[in-house]
Each structure stands twice: as structure tokens, then as C-alpha cells.
S.K.: 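Right, I'll just put the structure down here and ask away after.
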There are 2 protein chains.
Amino acid sequence: MTNPTRDQLLSAAARLYGEHGFRGTTTRRIAEEAQVNEVTIFRLFGSKSALLLEAIRTHGTDVSDDQLPLTPRDPLSELTAWSAHQRSTLRSMRSMIRKAMSEFEEHPDMPKCMENGANTVHTRLYRYFERMQELNLIDPKADVRAATAMLLSSLFHDAIARDMYPDLFPHPSSSAPAIYSRLALRSLGCNLPAAARETTRRRRAS
Amino acid sequence: MTNPTRDQLLSAAARLYGEHGFRGTTTRRIAEEAQVNEVTIFRLFGSKSALLLEAIRTHGTDVSDDQLPLTPRDPLSELTAWSAHQRSTLRSMRSMIRKAMSEFEEHPDMPKCMENGANTVHTRLYRYFERMQELNLIDPKADVRAATAMLLSSLFHDAIARDMYPDLFPHPSSSAPAIYSRLALRSLGCNLPAAARETTRRRRAS
DNA sequence: TTTCAATGCAAGTGACTACTTGCATCACAT
DNA sequence: ATGTGATGCAAGTAGTCACTTGCATTGAAA
């Protein structure tokens with residue numbers, strides 16, 4: 001059952017939360033943004049908190065359509081595409097993520113709303129690397145869990161902090177997912193087919 | 001010239017900022033924490049903003065004593081020690097960092113206060129890897145800038161987010177700096193002396 | 001002792017905030 | 001036409017907040 005007023009309020013709240021955080025997202029602001037009367041917020045949600053919590057739940061667990069195949073065939077390009085996609089998603093949500101993290105102590109429910117999304121992404125990548133290990137595409141002794149963490153940390157940090165500290169990240173920005181993916185695979189001792197390896201080398205020469 | 005009232009206010013403000021952010025750090029709270037009268041804030045600093053800005057400047061650029069040598073001798077252990085130290089520093093500042101990042105749009109000065117610290121750390125690590133490259137300790141073609149970014153992102157993310165999403169990071173926490181360092185060196189194609197490599201393998205078997 | 005600077009105390013100002021209340025309007029279903 | 005639910009409007013409540021003002025106190029220096 002769709003209710004346009006509810007939806008308007010939820011998306012307005014989510015957007016404003018990303019801009020102003022919990023305290024700075026006032027009920028007056030939300031009402032204006034959603035073009036409804038302020039009292040409607042309390043009629044529909046009971047309180048500002050309840051509205052914001054539901055807004056983050058709705059908009060904060062947007063686990064994007066996953067593109068990592070179950071069976072790795074061309075790891076570098078698969079991983080690059082997936083990384084680019086994840087970074088883009090995180091980037092589009094960066095303000096909200098920053099706010100939720102910031103308010104961990106005062107509103108622990110906020111980052112909590114995003115935990116499922118984060119764990120899902122982590123599990124997907126971890127499985128992919130495990131599968132690669134089973135197929136002997138990487139060093140059997142490689143620390144797959146650590147590489148997973150490292151690649152995700154790079155994507156995450158790039159997504160949420162590049163606009164603040166641009167010099168800390170690889171340039172151009174569009175190449176960063178490929179760069180991180182290559183490094184991650186390399187740290188895993190990835191044995192690429194000779195053809196794929198030749199391609200990689202040529203690209204790096206240019 | 002030291003002024004105890006000023007110092008008290010600055011450190012109270014910095015601490016409270018880490019807990020409550022800009023808006024949630026009220027002048028009344030600061031005064032109470034510092035055990036001074038609220039009006040003193042305006043006498044000494046003119047406004048809440050000015051106090052908070054100076055507090056973050058004072059407490060937010062704590063670039064810890066650097067332990068990376070100019071000439072790499074034992075990269076894995078040097079890097080591990082350095083990483084552990086950086087992570088510890090970041091961890092101790094994590095609430096403040098989260099707040100400052102969160103408030104980038106509304107108070108861009110806050111993350112700005114930390115930029116020098118971040119760039120300094122980045123430059124140190126980058127130089128270390130470059131030096132390694134000059135000494136032929138790593139692949140001459142390795143992307144040193146990318147590996148720098150990747151290791152720092154891992155340390156950063158671990159420091160500021162482990163308490164929120166513990167399952168995303170390597171365990172035990174105390175081993176994470178070593179794990180990240182190993183991966184980073186590996187991604188750079190680090191040629192460790194045979195003895196050092198043997199040691200590493202034994203440790204992983206246990 | 002007097003003076004002066006630093007700080008405390010108390011009251012206040014004007015603006016903001018989440019939320020409530022009572023009445024009115026509108027659109028849809030019966 | 002009537003009834004009902006959803007929403008708007010307007011006013012209000014009680015509390016919070018950064019900041020100001022006037023007077024008082026304290027400690028150090030001359």
C-alpha cells in the first residue's frame with residue numbers, strides 16, 4: 001500500500017538527515033521539503049525520531065544490484081566493475097553515512113540501520129575471493145578475509161572522504177576502482193591467464 | 001604564555017565536540033565541563049564557533065611521533081609498528097574525526113583543521129614506499145601512490161568504524177596493523193630477504 | 001592601600017524546537 | 001447528500017540555546 005504523503009516525508013527526511021544530521025533536521029524543515037503540514041509528521045510517525053529512523057532504514061540499506069558472478073572468470077574486470085559500482089553507491093550516500101557514523105554514540109540506531117547492507121557487501125566479496133581460492137586463481141594461503149577488508153576500506157574511504165581530502169586518493173578518480181582492484185588481486189597472489197596479464201601490462205604502459 | 005582557563009575551555013570543547021558535534025556542544029556544557037562561568041567563553045573567545053575551531057585546531061592535528069625510518073631496513077616490522085601507532089592515534093580521535101567529517105557541509109573548517117595531519121601521514125608513508133622502490137625492495141613498476149592510499153584507508157576505516165561494524169575487520173584487532181602491512185607490501189611485490197620470509201610463513205602456520 | 005584585570009553570578013533577550021490542540025477543508029465512498 | 005479519514009491552518013506550550021548586560025568578587029601588581 002503506497003501512501004504519497006508518507007513517502008514524501010521519508011525521502012525528505014533522509015535527504016535532510018544527510019545534510020544536517022539528527023538534530024539539525026528539524027520537523028519544520030522536513031515538512032517544508034516534503035510540502036506537507038508539520039503536524040502531519042506527528043500524525044503519521046508519532047515523533048521526529050521515529051520518522052528519521054524509518055527514513056534511514058528505507059534509504060540507508062540500498063544494497064545495489066550485485067554484479068559479482070558466483071564463478072570468477074575474468075577477475076580483474078569483474079572486480080573493477082563491481083568496485084566502481086559499490087563506490088558509486090557509497091558515494092551517493094556519503095553524507096548520510098557520515099552523519100550516521102558521527103552520531104553513533106548518541107543515536108546508535110542510525111549506523112545500525114546500515115549494518116545489514118555493509119555485511120552483505122562484505123560477504124559477497126569475501127565469497128568471490130574464496131571461490132577464486134578454490135579455483136586456484138590465487139595463492140591458497142592468501143588471507144582472503146584481510147584482502148576483503150582492505151579493498152572495502154579503500155572503496156569506503158574513497159567514497160566518503162575524497163571530496164574532503166582529494167590528495168589522499170589515486171587520480172583520476174574514475175580509475176580508482178580499477179587501481180584498488182588490481183592491488184587487491186595482487187596482494188592475493190592472483191594468477192591471471194597469460195593473455196589477461198599481457199593486456200594488463202599493455203594498459204599500464206599507456 | 002599559559003592561561004589555565006583558556007586551556008580548560010579548549011580541552012573541554014574538544015572533548016565535547018567529539019561526543020556531541022558542533023550543534024550538540026552547547027556553551028553551557030562546555031562551561032560546566034571546564035568548570036568556568038559560561039560568560040567567560042564569550043569574553044575569551046567571542047563566540048562558540050571561534051572556541052570550537054580553535055579547540056579542533058589544537059587537538060585535531062596531533063600527528064604522532066613518526067617512527068618510519070628514512071631508510072627501510074626491515075619493512076614488515078617497521079611498517080607494522082608504524083601502522084599500529086597510526087591506527088592507535090586515529091582510534092583515540094575517532095569521535096572527533098567522525099564529527100568533523102559529518103559536518104563537512106555545514107562547517108567545512110572542521111575537517112580542514114585536520115588536513116595537514118592527514119597529508120603529513122600520507123607523505124611519510126609514500127616516501128617510505130618510494131625509498132623502498134629506489135632500493136629495489138619492491139617491484140619497480142608498482143603503483144606506490146595507490147598502495148599508500150590503500151594502506152591508509154584500511155587503517156583509517158579500522159580506526160573509525162570497528163566499534164560500529166566489528167565483523168568487517170580482521171581479527172583479532174591487535175593483529176590488524178600487521179595484516180594490513182603484509183598485504184600492502186605484498187601488493188607492492190616486496191622482495192623480502194629469505195630469512196624474513198621464512199619467519200613470516202612460520203607465524204602464519206601457528 | 002588602591003587599582004585593575006579576570007572571572008563569577010544572575011537575569012535577561014530573542015530566536016529556535018518538538019510537539020499539541022481545536023477548528024476547517026477536501027476528497028472519496030456509501 | 002452524508003459521513004469519514006486525511007490533511008491543512010493557526011496558535012500555542014514549555015523548554016533550549018548563544019549571547020548580552022550590570023554588578024560583585026578575587027587576586028595580583030604597584
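Just so we're on the same page: letters track the sequence lines, and every chain starts at 1.
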S.K.: Please determine whether a side-chain nitrogen of the Lys or Arg among A:R162 and A:D167 lies less than 4.0 Å from a carboxylate oxygen of the Asp or Glu.
M.R.: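 Looking at A:D167 together with A:R162, the answer is no, because their closest N to O distance does not fall below 4.0 Å.
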S.K.: Describe the nucleic acid contact of A:V39 in one word from base, sugar-phosphate, nothing, applying a heavy-atom distance below 4.0 Å.
M.R.: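 If one applies the 4.0 Å heavy-atom cut-off, A:V39 turns out to touch a base.
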S.K.: Looking at A:R43 and D:dG8, is any side-chain donor or acceptor paired with a base atom of the opposite kind under 3.5 Å?
M.R.: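 For A:R43, whose side chain was compared with the base of D:dG8, there is a donor-acceptor pair (under 3.5 Å).
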S.K.: Name the nucleic acid region contacted by A:S49, choosing base, sugar-phosphate or nothing; use a 4.0 angstrom heavy-atom cut-off, strictly under.
M.R.: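 No contact at all - A:S49 keeps every heavy atom at 4.0 Å or more from the nucleic acid.
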S.K.: From the 5' end of DNA chain C to its 3' end, which nucleotides mark the outer limits of contact with chain A, defined by a 4.0 Å heavy-atom distance cut-off (strictly under)?
M.R.: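 Counting from the 5' end, contacts occupy C:dT17 to C:dG22.
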S.K.: Would you call the rings of B:H107 and B:F22 parallel, tilted or perpendicular, taking 30° and 60° as the class edges?
M.R.: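 The arrangement is parallel - the two ring planes meet at less than 30°.
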S.K.: May I ask you to decide whether B:D163 forms a salt bridge with B:R98, counting only side-chain N to carboxylate O separations under 4.0 Å?
M.R.: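 So B:D163 pairs with B:R98 through a salt bridge.
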S.K.: Verify the contact: side-chain N or O of A:T40 to OP1 or OP2 of D:dT7, cut-off strictly under 4.0 Å; return yes or no.
M.R.: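 No.
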S.K.: Residues in side-chain contact (heavy atoms from CB on, under 4.5 Å) with B:T80, at least two apart?
M.R.: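 side-chain contact (heavy atoms from CB on, under 4.5 Å) check on B:T80 returns B:L76, B:A178, B:S181.
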S.K.: On DNA chain D, compare the nucleotides closest to A:E38 and B:S47; which residue's is nearer the 5' end?
M.R.: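 It is A:E38 whose nearest nucleotide is closer to the 5' end.
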S.K.: Answer with base, sugar-phosphate or nothing: what part of the nucleic acid does A:I41 contact at a heavy-atom distance below 4.0 Å?
M.R.: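 Answer is nothing: A:I41 stays at 4.0 Å or more from every strand.
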S.K.: Would you say the rings of A:H59 and A:Y17 are close, in the sense that their centroids are separated by under 6.0 Å?
M.R.: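 For A:Y17 and A:H59, the ring centres are not under 6.0 Å apart.
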S.K.: Please tell me whether A:Y165 and B:H122 form a close aromatic pair, meaning their ring centres lie under 6.0 Å apart.
M.R.: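 Ring centroids of A:Y165 and B:H122 are no less than 6.0 Å from each other.
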S.K.: Can you check whether A:T5 has a side-chain N or O nearer than 4.0 Å to OP1 or OP2 of D:dT7?
M.R.: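 Looking at the OP1 and OP2 atoms of D:dT7, one of them is under 4.0 Å from a side-chain N or O of A:T5.
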